[in-house]
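Source: prediction; values computed, not measured. In what follows, chains carry the letters A, B, and so on, assigned in the order in which the sequence lines appear, proteins first and then strands, with residues in each chain numbered from 1.
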Amino acid sequence: LAKTTQPISMDSYEGQEVNITCSHNNIATNDYITWYQQFPSQGPRFIIQGYKTKVTNEVASLFIPADRKSSTLSLPRVSLSDTAVYYCLVGPTAGNTPLVFGKGTRLSVIA
Amino acid sequence: GAVVSQHPSRVICKSGTSVKIECRSLDFQATTMFWYRQFPKQSLMLMATSNEGSKATYEQGVEKDKFLINHASLTLSTLTVTSAHPEDSSFYICSARDMGQGTTEQYFGPGTRLTVT
């Protein structure tokens, strides 16, 4: 399973755009890139998933370069409620292969 | 999206007793469910993969006799912590995929906080 590397922590002011980059040099051909958000004492919540290029949904965008060795989660105009840990995971999305979590990025949004 | 529930949400037990945690997929079938454990300020650690109708697959270092997993139906998996000790106190999270979909996200339950006194 591909190993991921993310910054341990990031700080941002409210209203700013936050970009969290994840490195996954050993990503396999059938691996997808998935980002989860976790608040204290809650299970992880799905944010976005992609395979290549750019994916956008109502809460975030995911940018994936052509070589797929990294990805960037972009959160537009963050608010205090976006303070959480963000995990980048790489792996197949079907079958019985579980997602393996790295250390994640602790985002703190400041008023 | 699909929903995974866990019961109980929190439990306190005495050292030496056993505790059962249930994980249910509410609106989809899951032939495979996953159990994770998370200690304070740490990431989720995969404990085992639960397969419906067969034995679970445990990660290295996880005691299969201590953490009993039963996946008796396509919507229910249980984790029993046997002879619990204070060091078993942790946040246990289950997860599942909707096997009816081609490719899809892995859905996570809300977690169960276990405290062993």
Chemist: Please report the C-alpha distance between A:Leu99 and B:Tyr36 in whole Å, then the side-chain angles of each, then the deciding distance to 0.1 Å, and finally whether the side chain to side chain contact (heavy atoms under 4.5 Å, CB included) criterion is met.
Modeler: CA-CA 10 Å; A:Leu99 292 172; B:Tyr36 295 81; 4.2 Å; yes

Chemist: Examine whether an atom of B:Gln42 lies under 4.5 Å from a heavy atom of chain A, and if so say whether it belongs to the side chain, the backbone or both; otherwise answer neither.
Modeler: backbone

Chemist: Say whether B:Val4 and B:Tyr92 are linked into one hydrophobic cluster, either directly or through other cluster members, by side-chain heavy-atom distances under 4.5 angstrom.
Modeler: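 Result: no, two separate clusters.
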
Chemist: Within this structure, what is the CZ-CD distance for the pair B:Phe91 and A:Gln42, rounded to the nearest 0.5 Å?
Modeler: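 So the gap between those two atoms works out to 7.5 Å.
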
Chemist: Are the aromatic ring centres of B:Phe108 and A:Tyr36 under 6.0 angstrom apart?
Modeler: yes

Chemist: Counting only heavy atoms not in B:Ile12, do more than 12 sit closer than 6.0 Å to its CD1 atom?
Modeler: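 Count not over threshold, so no.
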
Chemist: So, B:Arg97 side chain and A:Pro98 main chain: donor-acceptor pair closer than 3.5 Å or not?
Modeler: no

Chemist: Is B:Phe34 linked to B:Tyr58 within one hydrophobic cluster, defined over Ile, Leu, Val, Met, Phe, Trp and Tyr using a side-chain heavy-atom separation of less than 4.5 Å?
Modeler: no

Chemist: Does any part of the side chain of B:Lys41, heavy atoms only, come nearer than 4.5 Å to the side chain of A:Arg106, both counted from C-beta?
Modeler: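 The answer is yes, as the side chains (C-beta and beyond) meet within the 4.5 Å cut-off.
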
Chemist: Need one label for B:Ser43: side chain, backbone, both or neither, based on atoms under 4.5 Å from any heavy atom in chain A.
Modeler: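 Backbone plus side chain of B:Ser43, per the 4.5 Å heavy-atom cut-off to chain A.
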
Chemist: Is atom NZ of B:Lys66 surrounded by more than 12 heavy atoms (other residues, nucleotides or ligands) closer than 6.0 Å?
Modeler: yes

Chemist: Any chain of hydrophobic side-chain contacts (each under 4.5 Å) joining B:Leu74 to B:Tyr107?
Modeler: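 In one cluster with B:Leu74: B:Tyr107, no.
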
Chemist: Answer whether the closest heavy-atom distance between the side chains of B:Leu44 and A:Gln38 falls below 4.5 Å.
Modeler: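 The answer is yes, as the side chains (C-beta and beyond) meet within the 4.5 Å cut-off.
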
Chemist: Tell me whether B:His7 at atom NE2 has more than 12 heavy atoms from other residues, nucleotides or ligands lying less than 6.0 Å away.
Modeler: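 No, because the 6.0 Å sphere around NE2 of B:His7 holds 12 heavy atoms or fewer from other groups.
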
